[in-house]
*Asks:* 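Shown below is the structure under consideration.
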Protein chains: 2
Amino acid sequence: MANIKDVARLAGVSPSTVSRVIAGSSRISPETQARVREAMRALNYYPNANARSLVRRKTHAIGVIIARPAEQAFANPFFPEVLRGIGSELRRHGYDLVLSMTAAPDEEQGACMRLLKQRRVDGVILTSSRAHDELLTELAAEQYPFVLIGRAAPGQAVSWVNNDNVAVGEMAVEHLVGRGHRRIAMINGPADLTVSIDREQGFRQAVDRFKLDLPAGYVVEGDFTKDGGYRAMAELLSRPDPPTGVFCADDAMAVGALMALKERGLTRRVAVIGVNDDPLTALLDPPLSTVRIPVFDLGATAARLLLDSLTQGVRGPRQIVLPSQLVVRESTNWVVGGGN
Amino acid sequence: MANIKDVARLAGVSPSTVSRVIAGSSRISPETQARVREAMRALNYYPNANARSLVRRKTHAIGVIIARPAEQAFANPFFPEVLRGIGSELRRHGYDLVLSMTAAPDEEQGACMRLLKQRRVDGVILTSSRAHDELLTELAAEQYPFVLIGRAAPGQAVSWVNNDNVAVGEMAVEHLVGRGHRRIAMINGPADLTVSIDREQGFRQAVDRFKLDLPAGYVVEGDFTKDGGYRAMAELLSRPDPPTGVFCADDAMAVGALMALKERGLTRRVAVIGVNDDPLTALLDPPLSTVRIPVFDLGATAARLLLDSLTQGVRGPRQIVLPSQLVVRESTNWVVGGGN
DNA sequence: GCCCGGATTGCAAACGTTTGCGCTCACCCT
DNA sequence: AGGGTGAGCGCAAACGTTTGCAATCCGGGC
C-alpha cells in the first residue's frame, strides 16, 4: 500500500511537504499543493493512522464502554439510541468510535483502562448506572478525559450527563394525583443503580408534597424485566390495601405489571405508568403511559462534552441534566372513581 | 506514561527482551521473565498499540459498519443483538471493535475503505441488505478481509452469513396453509433489499407448491415501518377479494397490519404473521406469530469467519446460512372456517 | 554589488514497538 | 586443551508519520 514517501516521490517533493499539505499548512505554494494532491489521488493514498497517532500522541478515536449486566434485560432502544447520539456527534469531528461491551461489571475497569493506556483512544464515554467509585477515581487520578452517562456520587468531581430521574419520579406521581389517585405504589429497579435511587427519591418527594399515604411495602424492588414487573404487581394486588396507581421505573416492568392486571380483569382499576417510551408499548392494550427519556441527546451531549475537553481543551468537570417528558396514554388516562 | 524502555531499564534488560517476554517467547530465562514482569507491574505498563500496529502491520481490531437507512426504522433489537454477537466473539480473541454507523448509503463505502486503508482495523464486518456491488468489488479487489451480514449477489465470491430468508417465506405460508388458508397475501419490505427479495421468493415458492391463487396486487411493498404495514393492510382489505392470511416481512409492519384489523374488528378474520420476534410483540392483542431470526448468532458467526481468515489464514470466501424458527402465537393460531 | 528578510522546502530526529542477526558465554565432546 | 553448540540476550534497523530547525532562493533596499 502506498505510503507518504511514494506520494512524495511521485509529486517530486519531500515527505515533509506532503505531510504539511495533508495538515493544511499555509506555507506551501499553491502549485506544490496541487501536485501533491494529485499524487495522493493517483495513488489512492490514506495516511497510516498508527504512525500518525504514534508521533502525535492522539488517536482521534474515543472509546465507549457499555455495561450490560441486568440492564441488558430491557431490550429497549436505549443502547442503540445512545450509540447513535454519540456517533452522530463524533462523525462531525471525524472521530472514530471503539466500542467495548462488558458482560460482567468487573470487566469494566480493565477494558476501560486498557483502551486508554494502550493509546487506542483519546478518551472514553462510560454508560452505566452503578457506582464504580474505584474506576472513576482511577480515571480521574490519571487525568484521562472521560464522561459518564448517568451520574457519579455527589462528591465526585467528574463530568457526566444524565436525565432528570428525580423529576421523572415526581412527574409520574404528579400525573397520577392529577387523575385522582391517592394510593400510589412504585415498582423500582435494582436498589444499587443510581437510576433506581433517583427515581425513587422523586417518587417519595412527590408523595410527601401531596401528603399521600405510603404504607410499608408500597415500594417494591423489581429487576427491570417484564417478569419482575409481573411479580411485583401481583404482590401489590394481594395486599389488603392495594394501590390504584403504580409508577414503574421502566417500561419493561410496566408491561409485566399490565399483564398481571389483565389476568385479573383490573386493567381499568389500576393505573400504570412506565419510563422510557419503548415504541411498541404504545400498541399494548391499554397503551402505556410513560415518561420519555432523551436517549439520543444523552449520547450526543456526552460526546460533545468529551470532544470539548479533547479539542478545545476545556478543563474541569461539567455536569449536565437533560429533561424528560411525560407521555399520557390510556393506561393512566382516566379518573379515579370516574365510574368507568 | 511508561514505555518499554522504562520497563527495560528497571528490569536491567534491553527493550528487545521485554518485548519478547510480552510476546511469550520461550528463549528467555525464567528469572529474567520474572524480573521483567515485575517491572511491568510496578510501572503499570501497557504496550502502545499504535507503535505495535505500526511494525506488526496488524491492529488487532476489526471494523463494523452498520448501515441504517430505512432499516433504522424498525427499532427492533437487531442492531444491538448483532453487535453483542460480534462482540462476544471478538472478546474471546482479544480483538477490539471499531464501530461506524452510516446514515446515508453513500457514506458506507468511504467509511469502510477509510478504516481499512488508514490501517485502523484488520478487516470489516458489513451489515446491510442493499446490493452495493461497487463496495464489495473494491473490497475484494484490494484483498481486504471482510464478511457481509446479509448476502451478496449470487455471482460474487465474497464471504457472508445470512439467515434463510427464502425458508422464512416458505415457513410462514406453510403455517398459514396448515391453518386452512388459501388466500394469502404478503406485505413486503423495500424491493431493493435482499431480505425483501428472498422472503418474497420463499413466499412465491410456497404459493406455487400449494397451488394457491395469487391475484395481482397480493404482494404489496411496505417500508418496514408500522405505518407502512397499516396502510398496506388497509389496501388489502379494501379489495373485493381480501386475503384471510397475511405474511409480513417484518414485525413492525405486522404490528401496523394488526392495528388496521383491530380498527375494523377483523382480528380473528385475518391471520397475521411477522418476522423477527421483537420481544414486545408477544404482548400485543392478539400476540403476534412470527419467524424468529438468530440475530446474535449472525453476528457471532460473521466475527468467527472474519477471525478465521485473519488469524488462521483461512482463504477463500465462505457462505453460511443460519436457520430461523417459526413461533406460533394467537394472531395465526386458529383455523379458517373454524366457526370462531 | 551586498545584505536582509520572507517565502518555500528539505533534513533528520523522534514517536514506541518488533525482530533478524549476531554476540557472549558456559558447557560438553573429542 | 581446543573447538563446537546452543541458550540467552542485545544491537540496530524498520514501521510511516510529524515537526523543529536549517537551507535555499528570490526580490528589494541601501
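Computed from a predicted structure; not experimentally measured. Computed from heavy atoms alone, side chains included, the values below leave out hydrogens, waters and symmetry copies. Numbered from 1 within each chain, the chains take letters A, B, ... in sequence-line order.
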*Asks:* With sequence neighbours left out, what residues match A:Arg37 under salt bridge (charged side-chain N to carboxylate O under 4.0 Å, His left out)?
*Replies:* none
*Asks:* Does OP1 or OP2 of D:dC11 have a side-chain N or O of B:Ser14 closer than 4.0 Å?
*Replies:*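 No, B:Ser14 has no side-chain N/O under 4.0 Å of OP1/OP2 on D:dC11.
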*Asks:* Figure out the CD/C1' separation between A:Glu31 and C:dT9, and round it to whole Å.
*Replies:* 13 Å
*Asks:* Salt bridge or not for A:Arg35 and A:Glu38, using N-O below 4.0 Å?
*Replies:*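 A:Glu38 and A:Arg35: not salt-bridged.
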*Asks:* Find the distance A:Lys5:NZ to D:dT18:P and express it as a whole number of Å.
*Replies:*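 Spelled out: NZ on A:Lys5 to P on D:dT18 is 13 Å.
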*Asks:* How close or far is atom P of C:dA7 from atom CD of A:Gln33, stated in whole angstroms?
*Replies:*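 For the pair A:Gln33 CD and C:dA7 P, the rounded distance is 15 Å.
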*Asks:* B:Ile22 has an atom CD1; how far is it from atom C1' of C:dG16, in whole Å?
*Replies:* 11 Å
*Asks:* Can you tell me if the side-chain N/O atoms of B:Arg20 get under 4.0 Å from OP1 or OP2 in D:dG10?
*Replies:*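 Checking B:Arg20 against D:dG10: no side-chain N or O falls below 4.0 Å of OP1 or OP2.
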*Asks:* Using a strict threshold of under 4.0 Å (side-chain N to carboxylate O), is an ion pair present between B:Asp96 and A:Arg114?
*Replies:*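 B:Asp96 and A:Arg114: salt-bridged.
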*Asks:* What is the distance from CD1 of A:Ile4 to C1' of D:dT19, rounded to the nearest Å?
*Replies:*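 A:Ile4 atom CD1 is separated from D:dT19 atom C1' by 12 Å.
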*Asks:* Between A:Gln319 (side chain) and A:Val158 (backbone), is there a donor-acceptor pair under 3.5 Å?
*Replies:*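 Looks like yes, one N/O pair under 3.5 Å.
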*Asks:* Tell me if the side-chain of B:Ser16 makes a donor-acceptor pair with the base of C:dT19, cut-off 3.5 Å, by modelled atom types.
*Replies:*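 Donor-acceptor pair under 3.5 Å: yes.
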*Asks:* Of all heavy-atom pairs between A:Ala61 and A:Val98, which one has the smallest distance, and what is that distance?
*Replies:* CB-CG1, 4.4 Å
*Asks:* Hey, which of these two, B:Arg35 or B:Arg56, hits DNA chain D nearer its 5' end, going by closest nucleotide?
*Replies:* B:Arg35
*Asks:* For A:Met1 and D:dG16, give me the distance from atom CE to atom C1', rounded to whole Å.
*Replies:* 11 Å
*Asks:* From the set C:dT18, C:dG10, C:dC15, return the single nucleotide nearest to any side-chain atom of A:Thr17.
*Replies:*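 Minimum distance to the A:Thr17 side chain belongs to C:dG10.
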*Asks:* What nucleotide, of D:dT18, C:dT17, C:dC15, holds the atom closest to the side chain of B:Arg52?
*Replies:* C:dT17
*Asks:* Please determine, for the side chain of B:Ser29, which listed nucleotide (D:dG20, D:dC9, D:dG16) has the closest atom?
*Replies:* D:dC9
*Asks:* Tell me whether the OP1 or OP2 atom of C:dT17 has a side-chain N or O from B:Tyr45 closer than 4.0 Å.
*Replies:*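 For C:dT17, OP1 or OP2 has a side-chain N or O of B:Tyr45 closer than 4.0 Å.
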*Asks:* Rounding to an integer number of Å, can you tell me how far A:Lys58 NZ sits from C:dC15 P?
*Replies:* 16 Å
*Asks:* Could you check B:Asn50 against B:Ala23 and say which one's nearest nucleotide on DNA chain C is further toward the 5' end?
*Replies:* B:Asn50
*Asks:* Which nucleotide sits closest to the side chain of B:Val55: D:dG16, C:dT17, D:dT18?
*Replies:* C:dT17
*Asks:* Can you find a side chain N or O atom of B:Thr32 that sits less than 4.0 Å from OP1 or OP2 on D:dC9?
*Replies:* yes
*Asks:* Side-chain N or O of B:Asn48 less than 4.0 angstrom from OP1 or OP2 on C:dG16?
*Replies:*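 For C:dG16, OP1/OP2 do not have a side-chain N/O of B:Asn48 under 4.0 Å.
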*Asks:* Between C:dT17, C:dT19, D:dC15, which nucleotide has the shortest distance from any of its atoms to the side chain of B:Leu54?
*Replies:*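 Among the listed nucleotides, the one closest to the side chain of B:Leu54 is D:dC15.
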*Asks:* Under 3.5 Å, sequence neighbours excluded: what are the donor-acceptor pairs made by side chains of residues 7-17 of chain B?
*Replies:*
| unit_1 | atom_1 | unit_2 | atom_2 | d |
| --- | --- | --- | --- | --- |
| B:Ser14 | OG | B:Ser16 | N | 3.4 |
| B:Ser14 | OG | B:Thr17 | N | 3.4 |
| B:Ser14 | OG | B:Thr17 | OG1 | 3.4 |

*Asks:* Can you identify which nucleotide, out of C:dT19, C:dG16, D:dA7, has its nearest atom closest to the B:Arg27 side chain?
*Replies:*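 Of all the options, the side chain of B:Arg27 is nearest to D:dA7.
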*Asks:* Would you kindly give the CG-to-C1' distance between B:Asp6 and C:dC15, to the nearest whole Å?
*Replies:* 14 Å
